[in-house]
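Report on the following structure.
Any value given below was found using the heavy atoms of this structure, including those in side chains, with hydrogens, waters and symmetry copies removed.
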Amino acid sequence: MEGNYKNDLNSYMVNWLTNYELNVKHEEKAMFDKENVVPNDEFYIDNAGITFYFKNYSIACYAFGQWEIPVPKELLKPYLKPDWKNLWD
């Protein structure tokens, strides 16, 4: 990927978690360590985009388990290197 993609991905992923927190019951709210919500080397690519996953303790307490944060292909396309531009066409 090219350009300043890390900031945009980080903002998207933190917003995704924030929206999750707003949509769960108060007693079930996770305490996320949003500073550690950054693009990492643990991801998979599918037809919808890239999904980053985070192991236990990496962004929340153990009780909340592993997390997967999907990032849509539309957000990623502007940052793809030329050889990858047609990935989702």
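- Heavy-atom minimum distance, Pro39 versus Asn10: CD-N, 4.4 Å.
- With a 4.5 Å cut-off on side-chain heavy atoms, Tyr12 and Pro72 count as touching.
- Pairing each heavy atom of Asn36 with each of Ile59, the nearest pair is O-CG2, 3.8 Å.
- Take Gln66 and apply the side-chain hydrogen bond (donor to acceptor under 3.5 Å, both in side chains) test, not counting sequence neighbours, and it matches no residue.
- The side chain to side chain donor-acceptor pair (under 3.5 Å) pairs that include a residue from residues 45-56 number zero, where partners must be two or more places apart or lie in different chains.
- Val38 belongs to no multi-residue hydrophobic cluster, having no ILVMFWY side-chain contact under 4.5 Å with any other such residue.
- Of the inter-residue distances, the one linking Leu9 atom CG with Leu76 atom CG reads 6.0 Å to the nearest 0.5 angstrom.
- The shortest non-hydrogen separation linking Glu68 to Tyr44 is OE1-OH, 3.2 Å.
- Between atom CE of residue Met13 and atom CG of residue Leu75 there is a gap of 9.5 Å, rounded to the nearest 0.5 Å.
- Pairing each heavy atom of Phe54 with each of Asn40, the nearest pair is CE2-ND2, 3.2 Å.
- Annotation for Glu74: atom CD counts as buried by contact number, over 12 foreign heavy atoms lying within 6.0 Å.
- For Lys77, the salt bridge (Lys or Arg N to Asp or Glu O under 4.0 Å) criterion is met by Asp89, not counting sequence neighbours.
- Pairing each heavy atom of Trp88 with each of Gly49, the nearest pair is CZ2-CA, 3.5 Å.
- For Asn15, there are no side-chain hydrogen bond (donor to acceptor under 3.5 Å, both in side chains) partners, not counting sequence neighbours.
- Every residue two or more places apart in sequence or in another chain that forms a ring pair (Phe, Tyr, Trp, His ring centres under 6.0 Å) with Phe52 is listed here: Phe43.
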